[in-house]
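By convention in this document, chain letters (A, B, ...) are assigned in the order of the sequence lines, proteins followed by strands, and residues within each chain are numbered from 1. Reckoned from all heavy atoms, side chains included, excluding hydrogens, waters and symmetry mates.
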Number of protein chains: 2
Amino acid sequence: MTSRRYEQRLRAQSAEQTRRRILDAMYDQLPKIPSVDAVARQAGVARSTVYLVFGSRAGLFDALLRDVSERGGFADLVRAVRDPDPLTHLRGAILANTRIYGRQRDVLVALRAEAAALEGALERTEQGRLGGLEHLASRLAEHDLLAVPKDVAVDVLWMLTGFEAFEALRTGRGLSVDAAAARLLATAERTLLRVPSPEGARNEQSSRDVSA
Amino acid sequence: MTSRRYEQRLRAQSAEQTRRRILDAMYDQLPKIPSVDAVARQAGVARSTVYLVFGSRAGLFDALLRDVSERGGFADLVRAVRDPDPLTHLRGAILANTRIYGRQRDVLVALRAEAAALEGALERTEQGRLGGLEHLASRLAEHDLLAVPKDVAVDVLWMLTGFEAFEALRTGRGLSVDAAAARLLATAERTLLRVPSPEGARNEQSSRDVSA
DNA sequence: CCCATTGAAAGACAAGCTGTCTCGCGAAAT
DNA sequence: ATTTCGCGAGACAGCTTGTCTTTCAATGGG
């Protein structure tokens with residue numbers, strides 16, 4: 001009875017399909033937070049199947065979080081980080097980051113509401129952001145562009161690149177995605193960078209006209 | 001049968017007591033978000049009594065929110081707002097605001113987690129903050145202290161004085177309440193105020209040493 | 001002192017949710 | 001042909017919110 005090994009490609013493939021169907025069903029119901037039952041019904045799948053595939057309600061949201069991370073829109077962010085000029089890095093990263101938030105907003109709001117059930121998963125994701133910010137702060141420091149200590153720069157960047165800051169401007173103040181990006185960028189530049197040199201003046205200008 | 005008017009002071013008084021017992025029972029269980037049943041048991045009260053007094057789970061959290069607002073710690077904030085010097089107003093308001101968040105943190109985290117059920121109640125509370133910020137921005141503008149348009153200043157202040165910004169620094173970056181206040185203040189001053197004049201330099205200094 | 005009034009307990013009930021488990025079909029792999 | 005295994009179907013336990021009815025006991029007007 002416990003003998004034959006199987007390697008069922010087709011079966012695994014269709015399993016992947018049901019997995020996708022379930023996740024897509026979740027996206028469909030956002031930003032309202034659906035019950036496991038509602039997701040299963042929308043996906044045309046038995047509720048027990050959802051538990052079979054994702055383990056629990058929390059597992060379902062965890063998978064959604066990973067899915068969002070993989071789906072990218074991160075290309076722009078990566079490009080900005082790779083730029084040789086640290087100022088372009090700063091500007092491009094904040095802009096790309098904010099636009100990602102703008103696009104994924106429904107998912108992120110739902111995930112935040114479910115934050116209690118997710119615990120570690122969210123932290124793990126945020127860890128990547130922290131690493132990126134430390135890198136950015138180091139680069140700015142190396143080029144002697146910082147007007148504040150490096151760790152303060154990391155703190156401020158952390159606050160400004162979080163989803164909550166974006167959401168406060170977007171929903172709380174009714175700004176567009178690009179207007180929110182402009183406020184965040186202006187705040188970062190004026191707070192972190194040395195002097196309102198010709199460089200600084202230009203930045204301020206460029207962020208102002210987007211927001212106009 | 002429908003005749004006599006009653007004016008039962010003692011009864012009304014004991015009703016107020018049960019009301020308080022229930023709210024206190026909630027405070028006891030924070031920051032974990034308790035079920036109505038758990039609150040009732042902790043308060044030594046029937047679950048149906050909670051519904052009798054507060055109407056619903058949402059009503060319970062709504063009452064908690066009002067209770068927090070009334071409990072104050074707002075004296076410092078009011079004093080800062082009344083100061084004739086708009087710069088003192090700015091600094092005092094951010095500091096007092098942040099300290100209030102620090103003190104009420106457990107409640108605010110719980111309320112945020114329950115935000116979906118509260119809807120309007122939170123907005124109403126935030127409305128007051130917005131009004132205060134507009135006033136502050138106007139004062140700064142009148143004294144010609146702003147380096148950015150007034151509406152931009154309101155947006156930035158809104159973002160920096162929200163609970164989320166505080167929480168990002170406090171929990172996300174592990175800062176103390178005063179260190180968080182220093183970051184917020186430095187960000188606000190450098191972003192909003194004209195030139196790093198002698199005035200500006202002094203501010204930067206004072207906020208730096210708190211954070212050290 | 002009597003008893004209408006009313007705050008509050010007790011608890012039944014409906015409905016929705018998560019999570020677990022069992023049973024059985026039918027398609028895929030060997 | 002026979003073994004696996006993905007998945008649907010559904011029962012079950014337990015927790016939750018919310019509603020409603022019944023009962024108890026104190027309060028206070030007359």
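Considering only residues two or more places apart in sequence or on other chains, A:D83 meets the side chain to side chain donor-acceptor pair (under 3.5 Å) condition with none of them. Every salt bridge (Lys or Arg N to Asp or Glu O under 4.0 Å) that A:R57 has, sequence neighbours left out, goes to A:E114. Residues forming a side chain to side chain donor-acceptor pair (under 3.5 Å) with A:D155 (at least two apart in sequence, or on another chain): B:R173, B:R183. For B:F54, there are no ring-ring contact (aromatic ring centres under 6.0 Å, His included) partners, not counting sequence neighbours. Every residue two or more places apart in sequence or in another chain that forms a salt bridge (Lys or Arg N to Asp or Glu O under 4.0 Å) with A:D37 is listed here: A:R41. With sequence neighbours excluded, the residues forming a salt bridge (Lys or Arg N to Asp or Glu O under 4.0 Å) with A:R105 are A:E167, listed by chain and number. Residues satisfying the ring-ring contact (aromatic ring centres under 6.0 Å, His included) criterion with A:Y101, sequence neighbours excluded, are A:F163, A:F166.
Near DNA chain D, defined here as any heavy-atom distance below 4.0 Å, the residues from residues 49-66 of chain A are A:T49, A:L52, listed numerically. Looking at residues 21-30 of chain A, you'll see that no heavy atom sits under 4.0 Å from any atom of DNA chain C. Of the residues in residues 36-44 of chain B, those lying under 4.0 Å from DNA chain D by heavy-atom distance are B:V36, B:D37.
Atom OG of B:S56 sits about 8.0 Å away from atom CG of B:L60, to the nearest 0.5 Å.
Between the side chains of B:D67 and B:Y27, a donor-acceptor pair is found at a separation under 3.5 Å.
Between A:M159 and B:A168, the shortest heavy-atom distance links the atoms CA-CB, 4.4 Å.
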For B:R79 and B:D76, what are the C-alpha separation, side-chain angles and deciding distance, and is it a salt bridge (Lys or Arg N to Asp or Glu O under 4.0 Å)?
-> CA-CA 5 Å; B:R79 194 178 323 130; B:D76 291 343; 3.2 Å; yes
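Atom CD1 in A:I33 sits roughly 16 Å away from atom C1' in C:dG16 (whole-Å rounding). A straight line from NZ of B:K32 to C1' of D:dC15 spans 12 Å, rounded to a whole angstrom.
Of the possible donor and acceptor atoms, none in the side chain of A:R82 sits under 3.5 Å from a partner among the backbone N and O of A:L77.
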With the criterion being N/O to N/O and under 3.5 Å, what pairs connect the protein with nucleotides 10-12 of chain C, and how long is each?
unit_1	atom_1	unit_2	atom_2	d
C:dA10	N7	B:S48	OG	3.3
C:dA10	N6	B:S48	OG	3.4

Considering only distance and modelled atom types, tabulate donor-acceptor pairs under 3.5 Å from the side chains of residues 126-137 of chain B, sequence neighbours left out.
unit_1	atom_1	unit_2	atom_2	d
B:E126	OE2	B:R129	NH2	2.9
B:R129	NH1	B:W158	O	3.0
B:R129	NH1	B:T161	OG1	2.9

